[in-house]
Colleague: 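Okay, here's the structure, questions in a sec.
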Amino acid sequence: MKTKVIYLTLIILITFTITSCTEKKTIDRSTNEIENTSGTDEKECETLRLSLRAVHYDTEYEVDDEKSKKLRDMWLTDLNDENKEKVKDLVFSVHSYLESKLVYSFGYDESYPDSPVWNEIDDDPNDNVVAGYTGVEMIEDLTTAKEIINKESFSKIADDIIGQLEYVIEKHDIDVLYEIHQKVHDLSYWAINYPLPSFQIAPADWHGVYVYFGTLY
């Protein structure tokens, strides 16, 4: 089972970056633009820009507690404890990996279609790159979750995400990767792993755990 400690490390890293940048820059939350007020390292602020875009910019959507619980119960209630935890971990792992790539890898590379970061995701044997978690493995994990849950409503969402993953593996489309993240983010935070354990609650300046992208209901 993939450990959630990796994700906690990501939270700490993002928090440090945002603190460093916000001390020296002014952020317009309505546009997610950063106004220069001093000589802060631009790479730090670019990381913040992508963090805002990928995980926690303000949206017009609000979480509905009852609807989230209804989805969670519909998909998990019939499972034994072992399978419940397995599904939660699989979806959580896909989400946290995508988040990490969008914030910390693509943030420093503007050549999105040709970025070497794709070598980790597409698992092309010609790249000679040994990746820790590839797009193919993400598809396998979502397929496993789908088979365990065995509900048409979940399968429809999973198949949509899987189809987009197959597309980005081939086309290296960064915008579609952001769309995938939003769908997996909502699936993990506002259904499968709802409500979030307290250890996942991030500091106020990094509030991805409070954002709903409106992809479930």
Side-chain angles (χ1 to χ4, degrees), residues 1-2 4 6-7 10 50-51 53-57 59 61 63-64 67-76 78-79 83-106 112-113 115 117-124 131-194 196 200 208-217:
M1 183 176 288
K2 300 178 183 69
K4 296 180 182 178
I6 295 173
Y7 192 71
L10 175 63
L50 288 191
S51 174
R53 178 182 176 188
V55 296
H56 76 323
Y57 62 81
T59 73
Y61 303 103
V63 174
D64 186 309
K67 289 181 179 178
S68 287
K69 288 179 179 177
K70 183 177 180 180
L71 287 175
R72 178 200 63 197
D73 293 346
M74 178 171 59
W75 293 334
L76 300 183
D78 295 337
L79 305 181
N83 279 336
K84 282 180 184 178
E85 291 306 309
K86 185 172 183 178
V87 166
K88 288 180 178 182
D89 188 68
L90 290 171
V91 175
F92 190 98
S93 295
V94 174
H95 172 225
S96 57
Y97 179 79
L98 287 170
E99 188 170 86
S100 174
K101 290 296 100 179
L102 288 171
V103 174
Y104 280 98
S105 296
F106 286 108
Y112 292 136
S115 170
V117 179
W118 289 110
N119 296 347
E120 301 176 34
I121 295 174
D122 62 24
D123 198 25
D124 185 341
Y133 195 31
T134 67
V136 172
E137 290 171 320
M138 285 186 270
I139 289 172
E140 291 173 351
D141 282 352
L142 288 172
T143 300
T144 298
K146 184 177 74 168
E147 291 171 350
I148 292 173
I149 291 175
N150 194 28
K151 296 285 177 66
E152 184 179 354
S153 54
F154 181 87
S155 294
K156 183 178 179 181
I157 294 171
D159 285 339
D160 176 46
I161 295 169
I162 288 169
Q164 287 191 304
L165 278 168
E166 291 171 339
Y167 175 83
V168 299
I169 288 171
E170 178 183 359
K171 300 297 185 182
H172 296 185
D173 189 322
I174 190 70
D175 290 323
V176 175
L177 196 63
Y178 276 114
E179 291 179 16
I180 294 169
H181 169 265
Q182 291 180 3
K183 292 174 183 179
V184 180
H185 169 102
D186 284 354
L187 187 63
S188 180
Y189 281 2
W190 309 121
I192 296 299
N193 287 294
Y194 185 80
L196 294 170
Q200 292 176 10
V209 292
Y210 307 113
V211 172
Y212 173 52
F213 290 108
T215 67
L216 292 176
Y217 45 76

Colleague: Would you name the heavy atoms of I148 and K86 that are closest together and state the gap between them?
Modeller: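 Of all heavy-atom pairs spanning I148 and K86, the closest is CD1-CD, 3.8 Å.
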Colleague: Nearest 0.5 angstrom please: H185 NE2 to S96 OG, how far?
Modeller: 12.5 Å
Colleague: Nearest 0.5 Å please: distance from the OG atom of S68 over to the CG atom of N193.
Modeller: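 Spacing of OG (S68) from CG (N193) equals 11.5 Å.
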Colleague: Just how far is it from atom CZ of F154 to atom CD1 of I149, taken to the nearest 0.5 Å?
Modeller: 3.5 Å
Colleague: Is it true that the side chains of D186 and Y61 contain a donor and an acceptor less than 3.5 Å apart?
Modeller: no
Colleague: To the closest 0.5 Å, what do you measure between CG (L90) and CD (E137)?
Modeller: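 So the gap between those two atoms works out to 12.0 Å.
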Colleague: Can you sort out the partners of D78 under salt bridge (charged side-chain N to carboxylate O under 4.0 Å, His left out), two or more places apart, ordered by chain and number?
Modeller: K151
Colleague: Quick one: closest heavy-atom pair of I169 and G135, and the distance?
Modeller: CD1-C, 3.7 Å
Colleague: Residues two or more places apart in sequence or in another chain: which of them pass ring-ring contact (aromatic ring centres under 6.0 Å, His included) with Y217?
Modeller: Y212
Colleague: Would you indicate whether the side-chain heavy atoms of V136 and I139 approach each other to under 4.5 Å?
Modeller: no
Colleague: Find the distance between CD (Q182) and NE2 (H95) and round it off to the nearest 0.5 Å.
Modeller: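 Between Q182 CD and H95 NE2, I get 10.0 Å after rounding to 0.5 Å.
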Colleague: Report yes if the side chains of D64 and W190 come closer than 4.5 Å at any heavy-atom pair, otherwise no.
Modeller: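 Side chain of D64 against side chain of W190, heavy atoms only: no contact under 4.5 Å found.
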Colleague: Would you tabulate the side-chain donor-acceptor contacts of residues 157-167 under 3.5 Å, counting partners in other chains and residues two or more places apart, or write 'none'?
Modeller:
| from | atom 1 | to | atom 2 | distance (Å) |
| --- | --- | --- | --- | --- |
| D159 | OD1 | K146 | NZ | 2.7 |
| D160 | OD2 | K183 | NZ | 2.7 |
| Q164 | OE1 | K183 | NZ | 2.9 |
| Q164 | NE2 | E179 | OE1 | 3.0 |

Colleague: State, yes or no, whether a side-chain contact exists between W75 and L187 at a heavy-atom distance under 4.5 Å.
Modeller: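 Sidechains of L187 and W75: in contact.
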Colleague: Just how far is it from atom NZ of K171 to atom CH2 of W118, taken to the nearest 0.5 Å?
Modeller: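 Result: 12.5 Å between the selected atoms.
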